[in-house]
Structure formats: structure tokens, C-alpha cells
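One structure is given below, encoded as C-alpha cells.
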Amino acid sequence: MRLSRYFMPILRDTPKEAEIVSHRLMLRAGMIRQQSAGIYSWLPLGLRVLNKISAVVREEQNRSGAIEILMPTIQSADLWRESGRYDAYGKEMLRIKDRHDREMLYGPTNEEMVTEIFRSYVKSYKDLPLNLYHIQWKFRDEVRPRFGVMRGREFLMKDAYSFDLDQAGARHAYNRMFTAYLRTFARLGLKAIPMRADTGPIGGDLSHEFIVLASTGESEVFCHKDYLDFATPAADTDFDSIEGLQGVVDKWTSLYAATEEMHEKAAFEAIPAESQVSARGIEVGHIFYFGTKYSEPMGATVAGPDGQLVPVHMGSYGIGPSRLVAALIEAGHDEGGIVWPDEIAPFDIAVLNLKIGDAATDGACEQLYRGLAAKGYDMAYDDRDERPGGKFATADLIGIPWQIIVGPKGLAEGKVELKRRAGGERELVSLEAALARFPGKGAETNA
RNA sequence: CGGAGUGUGGCUCAGCCUGGUAGAGCACCUCGUUCGGGACGAGGGGGUCGCAGGUUCAAAUCCUGCCACUCCGACCA
């Protein structure tokens, strides 16, 4: 992408309404535009990041055996009356009427709808286990939206729903998601700790929140320090191995970790003082097992081996990609701006042309831009007619992991400058060496 | 939903108390000088001062109502 032709409305001043760093930087980098309280447009840079996060979430969901579908944002009130939640959900649910005066709602979650789909087609235990997920916009009419996309009213959520014959099967389904979540957050460069959580209005009796520690987190959390060094389950984890996954979950639940609502002071204080972590955290994922809470009232039953109909055991599993954008910035920024993890950055490499119109500089930049794009990298070529200082500031602000700085001074010695955003390290290399440094997107991902 | 605030050009804000017909910096356009960590000069465009009433010869400014947004708290992916 040539930045001279791109739409990236960078702000030099910080809009006053933004309190936390992620919100400030998202506005300054031109990632989002607020349209109403808790409702945002996603501008090109923000959308790229959101899509990259969704891609990681999707890959790990698929790896664990979940199957992607897409359900609508607008749902019928009748469906929610079946589960009894139409009246129970309260004012957080945005209720609307269509032209025929039919009662509709903008979905805050999809248990009812996915259960309706399931019961329409699945009749036998032989078709289980099943886990269906989608990545779709949700609306919850929060009393007080805040912190930008961290707590918006409209937000993007990946929600998965598992169906099993019995509780043991559902337990394994839960463990699959638990493991997939550990992998997902680790790939995003986040230290997310599973904590025993309250089940809230979704209901059920087994639930974990995945919490990223951050000073701007909304909730108070308590855990054992050793969680921060636990190893992530490997990419080749066998998701069909019941014992294997139970081992993963047992390990990741072996030490104390709880949110404020579930906090047990005595148990926490039993931890050696130097290992006690009391901090604030951002909830980036939440998983529930709720048994037959929806399958029973909605008649989602399958025939078991003995031919008898039984309601299926279900669980639901949520990750908010739009909230993750903010969480990633909270976890990765410095004075200069955002520091994205490599896999999530809106662009992989930025080429900074310090002197537009200088034949040698333009030529070298084109060679780098085209050469690296051909290798599969998402390239940002800063060919705007700006002064060098502005280009450095922009590249740092939007957090591109690698910058290749090209100007007449360096080229006179046959060199370009390679800069790493995260640590700020820079080195002078030849143009050929710069090209060779990046072997190709596929090759690098496997490393 | 309780409490506290704020609405003036794209952004940050001044002007309001003490009414007199709208300003600064940044951004934008033109020209020139510049050009390796957010340059400088000259010129220029852009605002029915959140909306609706009211008071007044005159309202961004005073009064009333409404709307929107932000922050603190209670509540939540």
C-alpha cells in the first residue's frame, strides 16, 4: 500500500474524550471513528488489525475442531421467549420492531439461535460432538460504554457453542476450547490467565474467564505468579485426546487464580507472599459449560445409543476481537505509539522514502516495496510528500514491526537502515541484504 | 441508574463572569525557502458558537427546556 493513496487520518493531538492509552492511540492512529456512544466505525488501519486478530482466532478455532458458520445480527423475539430470556435479559438487549410490528432484537449473544439450528438437523448421538462458531457483531446496550472499543455497545465477538451427549463429552468440549484459547492468546503475544469466574446471566456451573493483566483493566484479579511462565500447548496438540487435554486444563487450573467475584481471601493468602499477584485485568475470553439450560426448554434432543431422546449438554465460548485490539495496545505501546505483535500488525514492513523525487531514493524504495510485496508481505510504502520527521513519527505511531529507512545519505554509501519497532534496534545494511532479510511470509511464519 | 462535567472550523482550546455581530495554535490550499526524528515565511479557504424557545436595540455570552457526549460510581464479552 502506498500511503500517498491510502486513507489513514492520523491525529497529532489526542482527542480529549480518550482516557486510556489504547483509546488515545486508536484515535491518533486513525483506526476508529466514534459514531455514537460505544459505537465505532473501523477505518482502514483498524480494520486490518481487527481482521488479523479474527484470522488468528479462526485458525485456532478450526484447529480445535470447531466449525464456522454465520448467524444474523437481528433475531426474533419469539426465539428468546422459548428459553425464557426475552424477559430475563433486561435493558441491555436492544429491542426493535419491524414494519409488520414484529418484535425483533439485535443479538447480544446466540445461544437460542444456534440451539434452534442444532435441533432442526441433529437427531442422533452419532453426529456428536459438534461445535459451531461464528464471528459476528453483537450489541449490548451497556449503561455506560467507555474506554473506546474496550467496552463498546456494538462489538465483534467470536462465539462458539458445543453440543455433546452427556456431561463427560461436554467436559471434553470445554477442554478443547480452554486449550484453543490458551493458544489463541499466546499467538497474539498476550499472557492470558484462566480464572474461575461467575457464570452471570448465561448460566451454568463451570466457567473460566481469560484475563490479561493490565493496569487499565476493569476488574481486580488475584493469581499465582507462576502462571506467567507456564508453557503454551503446542500447535500439534491432539484435540481428540481426552486425557491429553484434561492434562492441559489440570495444569492451567492447578494454582490459584480468581476474579474479584470468585475471590477467596484465605486461599489466596496461603500462597507464598512473593508469588501472590494482585492486579487489574482485562477479560479477553470467557467460557461456560451450562448443561441443558437451553436444550431442555428448547427441545434440542438427540437419540442416544439406547434410542431414548436426551437433551444435549452445551457450552458457550466467547472471545471479543474488537476488545482484543484495545487489549493488545494496552499490552504493547511506548511513548512513540503502538507496538504490534508481528502477526497482528496492519502492515509487516514499512518502507520510508526520505526524499521523494530523488531518483536513487525512489528507485531503491520501489525495489524494496515491490520485492517484499512479491514475497507475500503486507507492505506500507510511505511515499507521501512529507518531511522525514513526520514519516518516522507516523511509522512509530502505527506500530509497523519493521521499518526500512531509505534516503540519499545512506544510499550514497550503498546502505539502507533497518529498524525494529519493538526494541528500536537499527542497523545499516545493503539493499540486497535488506531484501534477503525477509525470506517470504510463509517461510517466516513457520519459523 | 445516581453523581460531576463538557458542547465554539477536522483536532486542541481561548472568548462567556462584566451582552456590541467570532479568535489562536495545529491541520488544509497556493507560492517560496527548507528537508535523516513532527521546519520557516507570506498569502488563502473553512464556523447559522449542540438544538429550540425566551429576555434585549443587540446573545457564543443572560434565562428556560431539550439533545448529545465525557468522567466517577453501581452493572457487564
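Labels below follow one simple rule: chain letters A, B, ... track the order of the sequence lines, proteins then strands, and each chain is numbered from 1.
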>> Need to verify one output field. Residue with the more 5' nearest nucleotide on RNA chain B, A/K419 or A/H23?
In response: A/K419
>> Less than 4.0 angstrom between a side-chain N/O of A/R426 and OP1 or OP2 of B/G36, yes or no?
In response: no
>> When you measure from the side-chain N and O atoms of A/S36 to the phosphate of B/A68, is any distance below 4.0 Å, counting only OP1 and OP2?
In response: no
>> Under 4.0 Å from OP1 or OP2 of B/C1: is there any side-chain N or O of A/K91 that close?
In response: yes
>> For a quick check of understanding: with a heavy-atom distance under 4.0 Å over all strands, which category does A/E386 fall into, base, sugar-phosphate or nothing?
In response: nothing
> B/G5 pairs with which nucleotide, Watson-Crick or G-U wobble, both distances below 3.5 Å?
Replying inline: B/C69
> Quick one: A/D385 CG to B/U33 P, roughly how many Å, whole number?
Replying inline: 14 Å
> Please give, in whole Å, the distance from B/C1 C1' to A/D141 CG?
Replying inline: 13 Å
>> On the nucleotide B/C69, are OP1 or OP2 found under 4.0 Å from the side-chain N or O atoms that A/Q35 carries?
In response: no
> Can you tell me how far C1' in B/A74 sits from the matching atom in B/U8, rounded to whole Å?
Replying inline: 35 Å
> Would you say the side chain of A/R387 and the base of B/U34 hold a donor-acceptor pair, judged only by whether the two atoms sit under 3.5 Å apart?
Replying inline: yes
> For A/L11, which contact category applies under a 4.0 Å heavy-atom criterion: base, sugar-phosphate, or nothing?
Replying inline: nothing
>> Between A/E111 and A/R85, does any side-chain N to carboxylate O distance fall below 4.0 Å?
In response: yes
> Pick from A/F438, A/W402, A/Y381: which one makes a side chain to side chain contact (heavy atoms under 4.5 Å, CB included) with A/L372?
Replying inline: A/F438
>> Just the rounded figure in Å: distance from P of B/A68 to CD of A/E17.
In response: 17 Å
>> Tell me if the CZ atom of A/R33 is crowded by more than 12 foreign heavy atoms within 6.0 Å.
In response: no
>> Classify A/A393 by what it touches in the nucleic acid, base, sugar-phosphate, or nothing, heavy-atom distance under 4.0 Å.
In response: base
>> By nearest heavy atom, map A/E92 and A/K355 onto RNA chain B; which one lands nearer the 5' end?
In response: A/K355
> Are A/P408 and A/K355 close enough that some pair of their side-chain heavy atoms sits under 4.5 Å apart?
Replying inline: yes
>> Heavy atoms only, 4.0 Å cut-off, all strands: where does A/G390 land among base, sugar-phosphate and nothing?
In response: base
> Roughly how many Å is it from CD1 in A/I405 to P in B/C35, rounded to a whole number?
Replying inline: 19 Å
>> Parallel, tilted or perpendicular, judged at 30° and 60°: which one describes the rings of A/W42 and A/W137?
In response: tilted
> Hey, does A/G320 reach any base, or is it just sugar-phosphate, or nothing, if we go heavy atoms under 4.0 Å?
Replying inline: nothing
>> When the C1' atoms of B/G37 and B/A42 are compared, how many Å lie between them, rounded to an integer?
In response: 27 Å
> Looking across every strand, which nucleic acid part, if any, lies under 4.0 Å from A/D159 by heavy atom: base, sugar-phosphate, or nothing?
Replying inline: nothing
> Do A/T259 and A/E209 meet the criterion of a side-chain donor-acceptor pair at a distance under 3.5 Å?
Replying inline: no
> Which is true for A/G152 with a 4.0 Å heavy-atom rule: it touches a base, it touches only sugar-phosphate, or it touches nothing?
Replying inline: base
> What does A/E417 touch in the nucleic acid at a heavy-atom separation under 4.0 angstrom: a base, only the sugar-phosphate, or nothing?
Replying inline: base
>> Can you measure A/R144 atom CZ to B/A4 atom C1' for me and round it to whole angstrom units?
In response: 11 Å
>> Can you measure A/E142 atom CD to B/C1 atom C1' for me and round it to whole angstrom units?
In response: 14 Å
>> Students often get this wrong, so: under 4.0 angstrom with heavy atoms, is A/R153 touching a base, only sugar-phosphate, or nothing?
In response: nothing
